[in-house]
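All remarks here apply to the structure that follows.
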Amino acid sequence: QVQLVESGGGLVQAGGSLRLSCAASGGTFSSYVMGWFRQTPGKEREFVGYIKWSGDSTYYADSVKGRFTISRDNAKNTVYLQMNSLKPEDTAVYYCAARVGSYLLTQGGRYDYWGQGTQVTVSS
């Protein structure tokens, strides 16, 4: 069983930056594709991006491309989401997730493990 714990959320002004972390335990971290998703009340969960096992392959939603960067440190069992040029519409609870497989990586329903989420609020 894999446990994921996100941290780093908070309140930031528009145009600012935040870095989220997701620490994993209980599994072989390097064997998981790690994804980031976000959700706001009344809306469906939204894919943000993912990073593959060695960290050499990433993919982002168009809404965050060029502003967000995902990285991972397999030695620390941690994945990061660096968020720059934040906008009020980025306000959401952000979740990290771990996927055993290697396909349909933008679909949250395919992920096997989830963290509890961390709130990010961007003020205008």
If I take atom [atom1] from residue [X] and atom [atom2] from residue [Y], how far apart are they, to the nearest 0.5 angstrom?
| X | Y | atom1 | atom2 | value |
| --- | --- | --- | --- | --- |
| R38 | E44 | CZ | CD | 14.0 Å |
| S124 | L86 | OG | CG | 13.0 Å |
| I51 | Y80 | CD1 | OH | 11.0 Å |
| S54 | N74 | OG | CG | 8.0 Å |
| R72 | T58 | CZ | OG1 | 11.5 Å |

Closest heavy-atom pair and its distance - [X], [Y]:
| X | Y | value |
| --- | --- | --- |
| Y95 | G115 | CD2-O, 3.6 Å |
| G101 | W53 | O-CZ2, 4.4 Å |
| V5 | Q116 | CA-OE1, 3.6 Å |
| F68 | V48 | CD2-CG1, 3.8 Å |
| F37 | T106 | CE2-O, 3.7 Å |
| C96 | E6 | N-OE2, 2.8 Å |

Joint hydrophobic cluster, [X] plus [Y], side-chain heavy atoms closer than 4.5 Å:
| X | Y | value |
| --- | --- | --- |
| L4 | Y111 | no |
| Y50 | V2 | no |
| L81 | V120 | yes |

Mind listing the side-chain donor-acceptor pairs of residues 10-35 below 3.5 Å, one per line with the distance, residues two or more places apart or on another chain?
{"unit_1": "S17", "atom_1": "OG", "unit_2": "N84", "atom_2": "OD1", "d": "2.9"}
{"unit_1": "S25", "atom_1": "OG", "unit_2": "Q3", "atom_2": "OE1", "d": "3.4"}
{"unit_1": "S31", "atom_1": "OG", "unit_2": "T28", "atom_2": "O", "d": "2.6"}

Any Lys/Arg nitrogen of K87 or D90 sitting under 4.0 Å from an Asp/Glu carboxylate oxygen of the other?
->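 No salt bridge links K87 with D90.
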Could you go step by step and tell me if Y113 and R99 meet the side-chain contact (heavy atoms from CB on, under 4.5 Å) rule?
-> CA-CA 7 Å; Y113 306 100; R99 172 85 166 94; over 6 Å; no
Geometric cation-pi criterion R45 and W114, 6.0 Å radius, 45° cone |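 Because its charged atom sits under 6.0 Å from the ring centre and within 45° of the axis, R45 does stack over W114.
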Taking the side chain from [X] and the backbone from [Y], do they hold a donor-acceptor pair closer than 3.5 Å?
| X | Y | answer |
| --- | --- | --- |
| S85 | R67 | no |
| Y60 | I70 | yes |
| R110 | S102 | no |

Counting heavy atoms not belonging to K76, are there more than 12 under 6.0 Å from its NZ?
->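 Not more than 12 within 6.0 Å, no.
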Y59 OH: over 12 foreign heavy atoms closer than 6.0 Å =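 Counting neighbours around OH of Y59, 12 or fewer heavy atoms of other residues, nucleotides or ligands fall under 6.0 Å, so no.
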Do T40 and E46 come within less than 4.5 Å of each other through their side chains, counting heavy atoms only?
->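 Result no, sub-4.5 Å side-chain heavy-atom pair not found.
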Report yes if some heavy atom in the side chain of M83 is under 4.5 Å from a heavy atom in the side chain of Y94; otherwise report no.
->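 In contact.
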